[in-house]
Amino acid sequence: MSRLFIIPAGDGRDDSVSSIVTLPHPSTAVRTRYLVTRSPLAIHELTIIDHPTPHSTLISHSSSLDCDAGPTPLSPVSETSATEEDTGCIISSAQVHIATRVAPFFFLLRVLVQHEAQYRTWEDIFDCLRLETPAYRHISALLEPELEKIADTVEPAPGIRCYRLSRDKLFRLLSSRITRMTDKLPEILAKTHVTSKLAPVRFDESTPDEMYVRARRQVAITILAGYLPSSLAKAFVAGFESEKRVLDDYVSRLKEARAQEMMRQMMMAGAGNGKRKFEDEDKDEALKNKKTGKNAHASNGVRKLKKADTTGMSKLSMFFNKK
């Protein structure tokens with residue numbers, strides 16, 4: 001069955017050698033499927049978007065695709081001439097696989113952190129990876145060059161190079177990625193985790209730009225921590241605890257201000273309803289007095305006294321009776 005992939009521009013120019021491999025997730029070790037492209041060599045995380053009911057997908061201007069449902073006498077494709085401009089194909093599934101590049105060094109971290117105090121050759125490191133799954137052979141050419149970015153190196157003998165995880169190098173590398181991700185945060189993430197959280201209480205107020213930047217950074221930090229083994233993730237996130245505390249305090253004050261504003265509006269609405277209730281009762285009383293001939297111009301206080309419950313109370317006249 002053919003599948004529809006959306007991959008970054010420039011990746012996978014040679015579709016015939018792209019493949020899907022199953023590797024342990026860098027953080028959880030759960031077996032996860034990734035797309036590996038060979039031209040250029042890159043590994044991609046897959047997000048599947050599916051339709052709740054069975055659907056097919058029509059792709060136009062894609063005569064080079066090998067579709068699993070060719071043109072039929074009733075299909076739109078067959079009703080057009082077979083030219084480069086109007087050819088297309090039908091895929092029997094509505095699933096769309098969104099491919100996002102993953103930095104290869106993430107796949108090295110679980111093995112490196114297990115032997116964090118030891119220097120080890122690339123061959124030893126790769127042997128540990130292959131014990132988890134032989135599928136690492138598909139990205140071995142990606143992994144070895146990444147070691148220099150996240151590990152300290154020594155040469156105990158000529159031609160022998162050994163590596164040991166460097167948290168300083170790793171966290172500096174991740175910090176540089178936070179800056180890039182903050183500037184290019186997808187709109188859907190910004191709306192969900194930034195804009196809605198920092199919306200001002202009133203329309204005439206505004207949220208400081210600094211808080212928007214802090215919120216976007218926290219989203220980036222959370223995303224990156226999701227690719228780290230637990231011990232590294234905790235240490236990485238802890239390094240940004242102070243700036244997170246500033247953001248949390250501001251969000252807490254915003255929530256409190258929203259709650260107070262909501263209470264104020266509810267009280268105003270309640271007061272308005274009570275006023276309208278008394279006005280309606282006054283109108284009814286005036287109409288009743290008009291029909292019975294009673295004084296319709298009695299004060300509001302007098303009318304309220306008439307409605308007071310006097311059950312069990314002595315009459316005023318008894319205080320003036322002769323003893």
Side-chain angles (χ1 to χ4, degrees), residues 8 23-30 32 34 42-45 47 98 100-117 142-143 145-153 163-201 205-259:
L23 300 171
H25 189 275
S27 174
T28 63
V30 173
T32 307
Y34 297 90
I43 185 167
H44 304 77
E45 187 175 28
T47 302
I98 309 296
T100 308
R101 273 202 184 193
V102 181
F105 69 82
F106 284 117
F107 294 92
L108 293 166
L109 293 176
R110 282 189 307 103
V111 169
L112 290 177
V113 80
Q114 289 172 5
H115 306 276
E116 190 170 354
L142 283 173
L143 297 178
E146 297 287 293
L147 280 169
E148 296 284 349
K149 300 178 181 178
I150 59 173
D152 293 326
T153 60
Y163 305 88
R164 183 182 68 181
L165 176 65
S166 168
R167 295 197 177 201
D168 289 341
K169 280 188 174 182
L170 173 62
F171 291 167
R172 282 199 301 269
L173 176 61
L174 293 174
S175 295
S176 67
R177 289 175 177 267
I178 290 173
T179 303
R180 295 204 304 269
M181 292 173 66
T182 299
D183 297 335
K184 299 180 179 180
L185 197 66
E187 188 61 30
I188 183 64
L189 291 178
K191 183 177 180 180
T192 305
H193 300 285
V194 179
T195 308
S196 61
K197 181 187 294 187
L198 297 178
V201 178
E205 297 175 343
S206 61
T207 300
D209 292 340
E210 174 195 358
M211 292 302 167
Y212 281 114
V213 173
R214 288 180 181 273
R216 296 171 75 92
R217 282 177 58 83
Q218 286 302 315
V219 175
I221 291 167
T222 302
I223 292 173
L224 290 172
Y227 291 92
L228 302 176
S230 59
S231 60
L232 291 177
K234 290 178 182 178
F236 174 63
V237 172
F240 303 94
E241 189 62 35
S242 59
E243 66 176 80
K244 182 178 183 297
R245 192 178 302 114
V246 173
L247 178 64
D248 288 345
D249 290 344
Y250 183 82
V251 172
S252 179
R253 292 196 299 271
L254 266 183
K255 289 181 178 179
E256 184 178 350
R258 290 194 190 104

Quiz item: If you round to the nearest 0.5 Å, how far is CG of Leu165 from CZ of Arg110?
Solution: 13.5 Å
Quiz item: Considering all heavy atoms of both residues, which atom of Ser231 and which atom of Val113 are nearest to each other, and what is their separation?
Solution: OG-CG2, 3.8 Å
Exercise. Indicate yes or no for a side-chain donor-acceptor contact from Ser252 to the backbone of Asp248 under 3.5 Å, with no hydrogens or angles considered.
Key: no
Quiz item: What's the shortest heavy-atom distance between Leu228 and Leu109, and which atoms?
Solution: CD2-CD1, 3.5 Å
Quiz prompt | Which atom of Tyr250 lies closest to which atom of Thr207, heavy atoms considered | solution = OH-CG2, 3.6 Å
Exercise. Would you mind reporting whether His44 and Pro8 have side-chain heavy atoms less than 4.5 Å apart?
Key: yes
Exercise. Say whether, by atom type as modelled, one donor and one acceptor occur between the side chain of Lys169 and the main chain of Lys149 under 3.5 angstrom.
Key: no
Quiz prompt | Heavy-atom closest pair, residues Arg258 and Ser196 | solution = NH2-O, 4.0 Å
Exercise. Starting at CD of Gln218, measure out to CD1 of Ile178 and round the result to the nearest 0.5 Å.
Key: 8.5 Å
Practice problem: Count the heavy atoms belonging to other residues, nucleotides or ligands that lie under 6.0 Å from CG of Asp209, then report whether that count exceeds 12. | Solution: no
Quiz item: Is any side-chain heavy atom of Asp152 less than 4.5 Å from a side-chain heavy atom of Asp168?
Solution: no
Quiz item: Under 4.5 Å between any side-chain heavy atoms of Leu112 and Leu147, yes or no?
Solution: yes
Exercise. Rounded to the nearest 0.5 Å, what's the gap from OH on Tyr34 to OG1 on Thr100? Could you check?
Key: 11.5 Å
Practice problem: Give a yes or no answer on whether the side chain of Arg216 reaches the backbone of Thr182 with a donor-acceptor pair at less than 3.5 Å. | Solution: yes
Quiz prompt | Atom pair CZ/CG of Phe105 and Leu174 - distance to nearest 0.5 Å | solution = 5.0 Å
Quiz item: Where do Ala233 and Ala225 come nearest, in terms of heavy atoms and distance?
Solution: CB-O, 3.7 Å
Quiz item: In Å, rounded to the nearest 0.5 Å, how long is the span from CZ of Phe236 to OH of Tyr227?
Solution: 13.0 Å
Practice problem: Please name the pair of heavy atoms, one in Gly226 and one in His25, separated by the smallest distance, quoted to 0.1 Å. | Solution: O-CE1, 3.4 Å
Self-check item: Inter-residue atom distance Arg164.CZ - Ile150.CD1, 0.5 Å rounding
Solution: 13.5 Å
Practice problem: Please assess Phe106 against Leu224 for the test side-chain contact (heavy atoms from CB on, under 4.5 Å), listing each intermediate value before the final yes or no. | Solution: CA-CA 10 Å; Phe106 284 117; Leu224 290 172; 4.1 Å; yes
Practice problem: Take Met211 and Val246 through the test side-chain contact (heavy atoms from CB on, under 4.5 Å) and record every step on the way to the result. | Solution: CA-CA 9 Å; Met211 292 302 167; Val246 173; 3.9 Å; yes
